Structures are given as structure tokens and as C-alpha cells.
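Below you'll find the structure, written out as C-alpha cells, and then a few comments.
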2 protein chains.
Amino acid sequence: MGATIKDIAAKTGLGLATISKYLNGGHVLEKNQAAIEKAIAELDFQVNEFARSLKTRQSKTVGVVIPQLNNLFMTSIVTKVEETLRHHGYGVIVCDTSKQPEREAEVLQFLLNKMVDGVILLATSKEAEGLDPVLKRNIPVVLIDRKVDRLEEKTDMVLLDNFRAAYESTRYLLERGHRRIGLLIGSEDVYTSRERLLGYYAAMDKAGISVPKNWIRCTDFTMQGAYQQTLELMEEESGLTAIFATNFEMTLGTVLALKDKGCQVPGEVSIIGFDNRELARAMQPALTIVSQPVEEMGVEAANLLLRRMQPSDGAAEEAQTILLRAAIEEGASVKRVAD
Amino acid sequence: MGATIKDIAAKTGLGLATISKYLNGGHVLEKNQAAIEKAIAELDFQVNEFARSLKTRQSKTVGVVIPQLNNLFMTSIVTKVEETLRHHGYGVIVCDTSKQPEREAEVLQFLLNKMVDGVILLATSKEAEGLDPVLKRNIPVVLIDRKVDRLEEKTDMVLLDNFRAAYESTRYLLERGHRRIGLLIGSEDVYTSRERLLGYYAAMDKAGISVPKNWIRCTDFTMQGAYQQTLELMEEESGLTAIFATNFEMTLGTVLALKDKGCQVPGEVSIIGFDNRELARAMQPALTIVSQPVEEMGVEAANLLLRRMQPSDGAAEEAQTILLRAAIEEGASVKRVAD
DNA sequence: TTCTATAGACGAAACGTTTCGCCTTTATAC
DNA sequence: GTATAAAGGCGAAACGTTTCGTCTATAGAA
């Protein structure tokens with residue numbers, strides 16, 4: 001069907017090696033170059049990547065694995081990763097695990113079959129056992145957003161300083177007089193949730209406030225989950241003056257629930273949310289949020305991986321962890337209250 | 001590095017062809033099968049997909065191209081497509097074009113290089129010119145959600161009956177006494193927006209209502225865009241009794257804007273939104289929405305493509321268009337008003 | 001026992017590249 | 001005019017599979 005390198009060698013009267021050299025950016029005589037280009041255009045030639053990869057043992061492809069595609073935070077990272085890698089000639093295969101640990105292992109095996117040159121993983125399972133076959137084959141891996149303790153020495157990681165982000169946001173509320181602060185987090189099985197919870201506890205603790213269990217609500221990370229939990233929270237704990245929601249979806253759920261309850265923000269309840277600067281600014285009052293450097297996370301992860309994939313210095317270096325900081329972006333959803 | 005079929009042939013004392021047969025599901029003697037499996041486990045053998053694909057001329061991979069990853073509607077479809085194809089042994093490469101037509105052509109070329117066996121496209125550009133090289137190579141394509149007129153005879157399509165969905169939703173409002181109905185749509189360059197606009201017009205027209213231009217607001221499909229437009233709309237057209245928002249993000253933006261304005265729903269303004277059944281039901285009052293059969297769209301698209309990729313009957317059949325219907329899911333966000 | 005049918009095993013060739021070591025041409029210096 | 005260096009071109013082998021046509025061994029029928 002498609003033309004091969006031989007066809008274009010025949011057509012131009014040149015040798016195979018010359019065509020190959022041209023295709024890979026080598027120097028050939030100008031007239032030959034012209035001839036080759038003409039032949040390529042006429043025959044609609046296209047390199048057979050299978051053959052190339054078979055020979056070079058590189059697929060120029062990396063796999064990106066995330067728990068779900070329906071999540072703005074994750075897809076924002078993926079978008080940036082994809083962009084960065086593309087600029088270096090790599091393609092990206094995105095897979096989601098539907099939050100199921102078994103699927104994670106399956107998907108990683110699939111990527112192994114596809115012979116990806118590297119993997120970026122936003123872990124679904126706690127221990128990411130599915131990575132073992134990948135690591136065994138010495139394929140570089142970068143973990144993103146969620147730490148896996150057992151791999152700390154083995155793979156690069158790009159993390160947010162979740163503890164600090166939560167600590168500082170809670171302090172932000174405390175400094176403005178709030179003492180009864182509700183917290184919405186995702187499953188405690190997830191690294192980021194645990195860290196954020198700890199950061200909140202630490203700040204409250206330091207302020208001498210003992211936190212009733214009931215102020216802390218775990219959800220499934222979704223808008224509707226947070227909506228429900230916020231309603232219950234406000235029902236059961238009418239004394240709360242602020243709520244801290246720790247991802248974007250939950251923030252939306254909380255905002256909607258408070259509004260549907262007719263609860264003024266920040267008049268009656270103050271809010272600190274998470275992510276999506278654009279929306280936070282568009283709203284009235286503008287939301288005060290913790291803004292994660294999603295794009296930076298994507299770029300850093302891609303760059304770490306790129307370095308490891310260069311056979312030169314890759315394997316040698318020690319595993320590296322990049323810890324990024326979130327920023328508090330002030331809106332007007334937090335009111336100063338009397339102590 | 002990795003073991004090859006030869007290694008396992010040597011280890012078992014069997015021939016290459018036998019190993020190959022086993023790998024591809026053929027029958028071999030039980031004792032040989034045992035021996036092969038043992039060798040595979042011991043050598044940690046894994047099929048080299050490059051070599052396999054080079055020989056079979058199949059990558060067992062399909063490309064899915066969408067305008068952006070940060071969009072729930074699109075990623076829901078992708079998730080379903082991926083699931084369906086995976087069950088048939090196909091992997092999926094997801095690419096987003098960042099809504100840029102040039103990127104669409106680039107991405108399709110990239111997929112061509114990766115030698116995908118098929119393509120599912122949610123078109124970014126109006127004419128999807130980037131598909132031409134793909135079609136030229138006789139790679140099957142399925143268009144999803146957005147129609148491209150010039151390709152109607154050439155590729156399969158899975159579409160929503162957008163006209164009907166908008167017509168019926170508008171009628172739903174009209175039947176409940178609303179006559180001054182605002183409409184939020186995306187760019188008019190996009191097929192779905194145009195159709196939804198036409199459906200709205202048709203219903204209004206039939207009801208004898210002439211629609212001022214000002215009732216119709218085009219946005220960039222985003223939450224924040226719709227938020228802004230809703231505020232302006234309510235400012236300039238205080239007589240409106242209902243708003244129809246035509247995608248999920250815009251629905252959220254509208255809801256938020258109305259609430260921030262202190263506008264009662266449905267007391268002062270009724271709303272019909274789009275998509276995300278879960279959230280719509282969680283809210284109070286529950287939102288009345290047009291619910292698109294996203295999962296069905298994904299499955300249908302995947303199945304159409306699977307059929308075409310089977311060399312047997314694929315090329316022969318005529319291009320097929322599947323038109324799906326949306327459902328109106330009643331909540332309590334639409335009030336009956338006096339005519 | 002001999003013949004035939006059948007299941008299963010087998011080796012070689014082919015898929016389309018890249019790369020190695022070698023060869024040819026051209027330009028430059030003497 | 002010859003010698004030398006540099007630039008560029010060249011074919012063959014190799015990458016790891018699948019597949020085709022052929023061969024062998026076993027079982028059942030006569």
C-alpha cells in the first residue's frame with residue numbers, strides 16, 4: 001500500500017542509507033535533497049514507525065495514567081504534559097483507571113505492551129503495585145500529585161506541598177477571627193487528602209482549637225458529594241463561620257449548597273476553595289482560593305521524564321522530588337469576624 | 001535486553017512458528033503449552049509489538065481527537081469509547097487540539113505517523129481539513145457530536161439531534177407560560193450551537209414570538225463566560241422569565257450568576273440547563289436539564305469504528321449517521337407562569 | 001500389517017527501517 | 001599532475017515478529 005524507503009530510493013536513484021540519513025536530519029547534497037523531497041511528495045511516502053521503532057527500540061511515546069478523565073485538575077496537568085512532550089517529539093497515550101486500582105495495573109501493562117519510553121502516573125492505588133513490572137524493565141517513571149512512599153527512592157515525583165497549603169489557608173481563616181471552621185476533603189486513602197487534613201489540624205491545633213470530628217467531612221471528591229455534605233454540615237453544625245473545601249469540584253458543590261440554603265457568602269459563612277482561578281475571579285463575590293500550579297506541575301513532570309529518557313545521564317542520577325507551593329488568591333469570600 | 005521469541009524457542013526446544021501460534025491463541029500440545037508458559041515466565045518475555053505490527057500492519061490502536069480535555073461532556077464520551085475499544089483489544093491515544101484548527105491537522109498527522117487503525121474525531125475546525133490525509137490512506141473515521149457537511153457521504157457519524165433537543169426544551173418552557181426566554185449558546189461556528197439556536201428559534205417562531213437579538217448570548221462555552229453573559233442579560237433584559245443554557249459549563253455559570261445576583265430560581269427566573277444528571281439532581285431545587293446520552297454516543301462511535309476496522313466488510317458499506325435523542329429530565333427549576 | 005487422515009511442529013522469507021564499515025567523488029595543496 | 005582529506009553515498013545485516021507450505025508422528029480403518 002504505502003510507499004517505502006526503497007521506492008523512493010529507486011525513484012531518486014539514491015541508496016537506502018542516503019534516504020534514511022535525510023529522514024533523520026542528516027546532510028545530503030542539495031540536489032539530492034530536492035529529489036528526495038519530490039519523490040516523497042509524489043509517492044506520498046510516510047515513515048513506517050513500526051519498522052523504525054523496531055530498529056531503534058524507541059517508541060517516542062509516553063504513557064500518562066490518571067484516575068479519571070472527568071476531572072479538571074487532572075486534565076489540566078495532562079494538557080500541559082502533552083504539550084511539553086510534543087515539543088520534544090514525543091507522543092502521549094492518556095489512560096484513565098476509572099479510580100479502580102485493578103485497572104491501574106491493567107493499564108500499565110497495556111502501556112508496557114505498547115512499549116512506551118516513559119510513564120507519568122497520578123496514582124489511583126495506594127501502593128501503585130502496578131508499577132513494578134514497569135520499573136523492572138527500567139522504564140522511567142514520574143509520579144505526580146500523589147506520593148507513594150515505597151517508591152520515594154526509586155522514581156521522580158512532582159508534588160504539591162499539600163500540608164503547607166492547607167496549613168496556610170487555615171491560618172488565613174484563623175487570622176481573620178474564624179475559629180469554627182468546617183473542612184471538606186476527599187477520601188482519606190488519598191495522599192493529598194491526608195496531607196491537607198494534617199495541615200488543617202496543625203493550624204487549628206496551634207491556635208488551641210480542638211476540632212470535633214463532625215467538622216470534617218470526607219466525600220468522593222465530587223461536586224454532588226460536597227453539595228450533600230455541606231448541607232448536612234450546616235444542618236448539624238450551625239455555629240460554623242467558615243468552610244474550607246479542598247478541591248475544585250468540592251468547592252463548587254459547597255458554593256452551590258450554601259447558595260441554595262440561602263446562606264450569605266461571606267455574610268454568614270466564609271469560604272476558601274480550591275483551584276480554577278478564572279471562575280473564582282468571575283464570581284461575585286470573587287472566591288478566595290488555594291491555587292495549585294497545575295501547569296507548572298505538568299511541565300516539571302514532563303521535564304523530569306525527558307531527562308530520564310535520555311540514555312546519556314538518565315539512569316545514573318538519584319530520584320528527585322519536586323515540591324511545589326500553592327498560592328492563596330484572595331477574593332472576597334472570607335469575612336473578618338469578631339473573635 | 002528483553003527476551004525474544006527465539007529465546008523461548010531455544011529454551012523449550014520448540015520452533016518459532018509454534019511459539020507464535022501459541023501467542024496468537026492457536027492450539028499446541030498441552031505439555032508444550034506448559035513449557036512455553038514456564039519459559040515465558042522465567043524469561044519475563046513480552047511480545048515486541050513493533051515487530052508484530054510491522055508484520056501484521058495493524059497497530060491495534062485508535063486515535064481519539066477532541067477540542068479540549070477540560071470538558072466533562074467530551075471526556076465522558078472518551079471514557080466510554082476507551083472502555084469499549086479496550087474490550088476489543090484496542091488501545092486509545094487521546095489528543096486534544098486546544099480548540100485550535102491548526103493543531104487539529106497536526107494531531108491527525110501525528111496519529112497517522114503512529115499508524116492508528118482508526119480515528120474518532122470531535123471536530124475542532126469547521127471543515128476538518130486535517131482529515132484528508134487520513135481518509136486518503138483509507139483509515140476509517142467516525143465523527144462524533146459535530147457534523148461536517150462535506151464528509152457526510154464519506155465517514156460515519158454519531159450525532160445528537162440538537163435541533164430537536166432545543167426545540168423540545170423551548171417548547172417545555174413555552175407550555176409553562178414562558179414567552180420571554182433567554183438563550184445561552186456557544187460559538188455559532190460550532191455545529192451544535194447552530195442547531196440548538198435553530199431549534200430554539202423554530203419553537204419561538206411557532207409560538208408567534210419574535211425574538212430580539214439581545215436575548216441570545218454567545219459565549220466561549222465556559223462557566224465564567226456564561227456567568228458574565230448571564231449577569232449582563234439580566235441587567236439589560238429585566239423582563240426575561242426563563243433562561244436556557246445549552247451546555248454543562250454554561251449551565252453552572254448561569255446558576256451561579258443568578259444566585260449571586262440574588263435572583264430566585266425558579267421564583268423569579270426559570271432555568272433549563274444541560275447535562276450532568278448527578279449534579280442536577282443533587283441541587284435544590286433540582287435542575288431541569290436536557291440530558292445527552294453521552295455514554296451511548298461513546299459506545300456507538302466505538303462500535304461503528306470497530307465494524308469498519310474489520311477488513312472483511314468494512315470498506316464496502318455506506319457511511320452511516322446515527323442520530324441520538326436527548327431526554328428532558330425534570331427537576332424543579334422551571335415554574336409555571338401566567339401567560 | 002499397511003494405508004490414510006489429521007493434528008501439530010517446523011524453517012525460511014518477509015515486513016521497512018537504521019547503522020556499520022567501506023567506497024566514490026570532489027576540492028585542495030603541493 | 002599527483003597526493004591527500006573531506007564529504008557524501010552505498011549495500012548488507014539486523015531488529016523480532018507472522019505466515020506459508022511442508023514435514024512428521026500418531027491414531028484409526030481396512
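Remember, predicted model here, so these are calculated numbers, not experimental data. Per chain, numbering begins at 1; letters A, B, ... match sequence-line order.
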Atom [atom1] of [X] and atom [atom2] of [N]: how far apart are they, to the nearest Å?
X       : N      : atom1 : atom2 : answer
B/Phe50 : C/dA14 : CZ    : P     : 24 Å
B/Glu49 : C/dC15 : CD    : C1'   : 15 Å
A/Leu54 : C/dC15 : CG    : C1'   : 9 Å

Requested in this report: For A/Lys80, enumerate each residue passing the side chain to side chain contact (heavy atoms under 4.5 Å, CB included) test, keeping only those at least two apart in sequence or located in another chain.
Outcome: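 Partners of A/Lys80 by the side chain to side chain contact (heavy atoms under 4.5 Å, CB included) criterion, ordered by chain and then number, come out as A/Glu83, A/Glu295, A/Val299.
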Requested in this report: Output all residues satisfying side chain to side chain contact (heavy atoms under 4.5 Å, CB included) with A/Val294, sequence neighbours left out; order by chain, then residue number.
Outcome: A/Phe73, A/Ser76, A/Ile77
Query - Residues in salt bridge (charged side-chain N to carboxylate O under 4.0 Å, His left out) contact with A/Glu296, at least two apart in sequence or another chain - result: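 Residues passing salt bridge (charged side-chain N to carboxylate O under 4.0 Å, His left out) with A/Glu296: none at all.
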Query - Residue list, salt bridge (charged side-chain N to carboxylate O under 4.0 Å, His left out) with B/Glu106, at least two apart or on another chain - result: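 Salt bridge (charged side-chain N to carboxylate O under 4.0 Å, His left out) list for B/Glu106, sorted by chain: B/Arg103.
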For [X] against [Y], the heavy-atom pair lying closest together:
X        : Y        : result
B/Ile139 : B/Gly118 : CG2-CA, 3.7 Å
B/Ala302 : B/Val81  : CB-O, 4.2 Å
B/Ile120 : B/Leu305 : CG1-CD2, 3.7 Å

Query raised in the report: Under the 6.0 Å and 45° cation-pi test, does B/Lys60 pair with B/Tyr90?
Result: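 Yes, B/Lys60 lies over the aromatic ring of B/Tyr90.
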Query raised in the report: Base, backbone or nothing for each nucleotide of nucleotides 17-27 of chain C, written B, S, -, heavy atoms under 4.0 angstrom, 5' to 3'?
Result: BBB--------
Report task. For DNA chain C, determine which residues of residues 28-36 of chain B have any heavy atom closer than 4.0 angstrom to one of its atoms, and list them numerically. Result ->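 Result for residues 28-36 of chain B: B/Val28, B/Leu29, B/Asn32, sorted by number.
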